Amino acid sequence: MRNLSLCKSEFSKKINGVKMTTQTIKQLYRNTDSFADKEVKVNGWIRTIRGSKAFGFIELSDGSFFKNIQIVYENNLNNFEEIKKLPISSSLEIEGVLVVTPNAKQPFEIKATNVKIVGVSNSDFPLQKKRHTFEYLRTIAHLRPRTNTYSAVFRMRSVMAYAIHRFFQEKDFVYVHTPIVTGSDCEGAGEMFRVTTLDPAKANVDENGDINYKEDFFGRETNLTVSGQLSVENFCMAYNKVYTFGPTFRAENSNTARHASEFWMIEPEIAFADLSDDMDLTEEMMKYLLQYALDELPEEMEFFNKFIDKGLLERINNVINSDFARITYTEAVEILEKSGEKFEFPTVWGSDLQTEHERFLTEKHFKKPVFVTDYPKDIKAFYMKQNDDGKTVAAMDLLVPGVGEIVGGSQREEIQDKLEARIKEMDLDIKDYWWYLDTRKYGTVPHAGFGLGFERLIMYVTGMSNIRDVIPFPRTPKNAEF
RNA sequence: UCCUCGGUGGCUCAGUUGGUUAGAGCGGGUGACUGUUAAUCACUAGGUCGUAGGUUCGAGUCCUACCCGAGGAGCCA
């Protein structure tokens with residue numbers, strides 16, 4: 001277990017002329033012994049409250065920890081009657097004595113000596129002391145981080161973001177900020193959102209009736225990025241090991257539990273490396289991230305395992321301790337043909353694997369993450385390394401149970417002539433790629449990389465089954481209210 | 001975008017072959033209660049049934065269109 005040291009950002013305030021340090025609930029849980037029977041001060045929001053004639057209980061959350069803290073308030077407080085009537089989600093500053101309660105449901109509680117009401121909530125606060133559906137909570141996305149599940153999910157999101165940087169930085173990767181606004185359509189990974197300052201109500205057209213992008217802000221057509229890969233490959237030729245981690249936008253009309261219009265992607269790129277190195281990196285990264293989640297947020301993981309996905313901990317431990325399977329696309333097709341399973345779509349060499357095929361491979365056949373490599377070249381992108389067989393490319397997809405494709409990557413075609421031939425073959429305009437092709441022109445090296453869908457990682461780690469529930473304010477078709 | 005299912009008080013749901021004043025639990029309000037943990041008990045307010053149109057003596061209940069949501073598919077991360 002990693003050392004969970006005290007948060008160093010303690011801050012002090014003068015309350016009633018007496019200087020007192022505010023503790024986070026996390027600190028109180030992690031170092032209960034050193035606070036026992038001592039004066040402490042906490043602040044936060046009421047999760048539940050109940051009162052009787054002479055005393056009452058408050059469960060307070062300050063966001064620092066998955067668990068809440070129980071406050072006991074009694075009628076010796078001058079504002080006892082006022083406290084008793086507070087609606088859920090009111091905000092408080094509380095001073096009191098921490099009392100260890102070994103025989104109760106909670107390990108300790110605070111006997112309040114002073115309860116300062118900071119902000120009174122309203123009785124129409126929509127979150128109740130009962131289970132809500134995720135569908136309903138999506139309609140109040142601005143309030144849902146105040147629930148157990150979303151509090152845990154978004155804390156995990158934060159911790160995983162940090163873990164990603166930590167993993168790559170410890171390996172001397174350089175973090176590259178690739179542009180969000182990109183200059184052309186040459187990324188070729190999907191439908192794009194336009195970026196423009198042209199007034200759609202005016203006819204900004206030239207003599208041919210085409211939109212005149214020369215008059216647009218950047219003097220050319222621009223879009224939101226669908227991938228940082230082409231940019232990061234250039235930096236890879238300078239730094240050897242690089243990664244991007246940032247938002248990505250796809251204007252696809254996808255209505256599934258695992259697609260969003262705005263999502264975050266991690267894209268490492270390594271030089272002097274082939275597909276096998278790429279998979280090694282992927283596997284090491286995945287195991288590191290899962291272990292990090294277990295070490296840093298054990299309470300949240302326990303909660304996910306209990307209430308979101310019963311087999312979660314077992315599955316994750318299994319993944320950490322086993323080697324990922326590695327098969328070629330051709331082998332995958334053979335496995336599927338021999339499986340005896342009835343698939344809606346037949347498995348034919350040359351066509352892409354269907355979701356049902358991927359699920360069978362990772363969930364039923366291997367029962368663990370599996371890399372599928374060397375896909376037919378015609379179903380993959382132009383930049384992928386062409387294999388000697390003339391039919392396949394050095395691509396890989398990592399499939400995991402429950403989520404499906406979580407990583408897609410490849411070795412890149414580093415030979416300029418071959419890459420250019422492929423661009424022409426696929427009817428792309430070679431002029432758009434002049435700066436990308438320069439990577440091959442000036443000291444080319446074999447290199448490889450992949451894209452990890454950050455939200456899919458969070459889904460995998462938490463067991464949440466809908467991508468809309470792992471993004472604070474999700475953007476999907478017909479949904480951008482918050 | 002396609003297929004399937006659904007849309008009833010703040011939330012979660014029930015609502016019989018279309019038939020008279022649409023029900024429950026939770027939540028809200030009021031009161032009671034010396035230890036609660038989704039506390040408990042009593043009383044109380046609150047909906048015209050996604051939207052628009054149609055069939056019918058009569059529609060939450062049947063039909064059509066549209067909107068929204070969920071699951072699956074395609075696209076992928």
Side-chain angles (χ1 to χ4, degrees), chain A residues 47-59 67-76 84-85 87-88 99 101 103-107 109 111 121-140 143 148 188-191 226-229 244-267 282 343-345 351-359 379-381 397-400 403-409 450-460 465-471 476-479 481:
Chain A
R47 278 294 185 82
T48 74
I49 180 166
R50 47 194 167 268
S52 57
K53 199 174 186 178
F55 66 95
F57 302 97
I58 293 170
E59 259 189 64
K67 292 180 178 168
N68 306 316
I69 192 163
Q70 175 159 290
I71 311 294
V72 185
Y73 62 98
E74 297 181 338
N75 61 358
N76 57 1
K84 216 167 122 177
K85 289 189 176 130
I88 291 178
V99 180
T101 53
N103 298 321
K105 202 166 171 182
Q106 73 288 345
E109 62 192 18
K111 193 164 208 144
S121 181
N122 209 293
S123 64
D124 65 359
F125 184 65
L127 296 170
Q128 301 170 14
K129 299 187 244 185
K130 66 160 202 172
R131 203 186 145 274
H132 287 290
T133 61
F134 292 146
E135 291 80 29
Y136 170 64
L137 291 167
R138 279 172 214 150
T139 68
I140 48 169
L143 299 175
N148 285 338
E191 292 294 312
V226 292
S227 163
Q229 187 198 316
T244 71
F245 181 20
T248 310
F249 306 87
R250 305 256 168 108
E252 305 282 356
N253 191 11
S254 295
N255 292 291
T256 80
R258 58 188 190 286
H259 289 86
S261 312
E262 177 182 319
F263 63 99
W264 283 54
M265 194 154 60
I266 297 99
E267 296 178 287
T282 306
F343 295 114
E344 193 184 340
F345 296 93
S351 63
D352 211 349
L353 298 179
Q354 301 287 317
T355 298
E356 57 176 342
H357 302 147
E358 296 181 342
R359 290 183 74 108
I379 58 172
K380 287 293 180 182
D397 283 352
L398 177 63
L399 313 176
V400 297
V403 175
E405 185 179 342
I406 197 167
V407 166
F450 63 82
L452 166 72
F454 183 55
E455 284 75 15
R456 292 188 182 176
L457 171 72
I458 305 303
M459 290 167 74
Y460 190 53
S465 56
N466 195 310
I467 197 166
R468 297 171 185 93
D469 297 324
V470 300
I471 302 178
T476 52
K478 301 273 184 290
N479 182 3
E481 178 163 3

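Every value quoted in this text rests on a predicted model; they were computed, and no experiment measured them. By convention in this document, chain letters (A, B, ...) are assigned in the order of the sequence lines, proteins followed by strands, and residues within each chain are numbered from 1.
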For RNA chain B, what dot-bracket results from Watson-Crick or G-U pairs at under 3.5 Å, with [ ] for crossers and | for inter-strand partners? (((((((..((((.....[...)))).(((((.......))))).....(((((..]....))))))))))))....
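Base engagement by A/R258 is indicated by at least one non-hydrogen atom pair under 4.0 Å involving a base atom. A/N255 comes within 4.0 angstrom of a nucleotide base, judged by non-hydrogen atoms across all strands. Heavy atoms of A/E455 sit nowhere under 4.0 angstrom from any nucleic acid atom.
Checked by atom type and distance alone, the side chain of A/T248 never pairs as donor or acceptor with a backbone atom of A/W264 at under 3.5 Å. Formation of a donor-acceptor pair under 3.5 Å by the A/R258 side chain with backbone atoms of A/R456 is not found in this model.
Comparing B/rA70, B/rG72, B/rC76 by their closest approach to the side chain of A/R468 singles out B/rA70. Listed nucleotides B/rG35, B/rC33, B/rA77 differ in distance to A/E109; the shortest reach to its side chain belongs to B/rG35. Across B/rA73, B/rC75, B/rU36, the shortest atom-to-atom separation from the side chain of A/Q70 is found for B/rU36. Residue A/F263 places its side chain closer to B/rA77 than to any other of B/rU36, B/rG74, B/rA77. The side chain of A/R250 approaches B/rC76 more closely than any other nucleotide in the set B/rC76, B/rG74, B/rU1. Among the nucleotides B/rC33, B/rA77, B/rA73, the one closest to the side chain of A/K53 is B/rC33.
Here A/N479 pairs with nothing under the side chain to side chain donor-acceptor pair (under 3.5 Å) rule; sequence neighbours left out.
To the nearest whole angstrom, the two P atoms, one in B/rG9 and one in B/rC5, are 23 Å apart. Separation of the C1' atoms belonging to B/rU34 and B/rU21 is 45 Å when rounded to the nearest angstrom.
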Are there any protein N/O atoms within less than 3.5 Å of an N/O atom in nucleotides 24-27 of chain B, and if so, which ones and at what distance?
residue	atom	partner	partner atom	Å
B/rG25	N2	A/K130	NZ	3.2
B/rG27	O4'	A/Q128	OE1	3.2

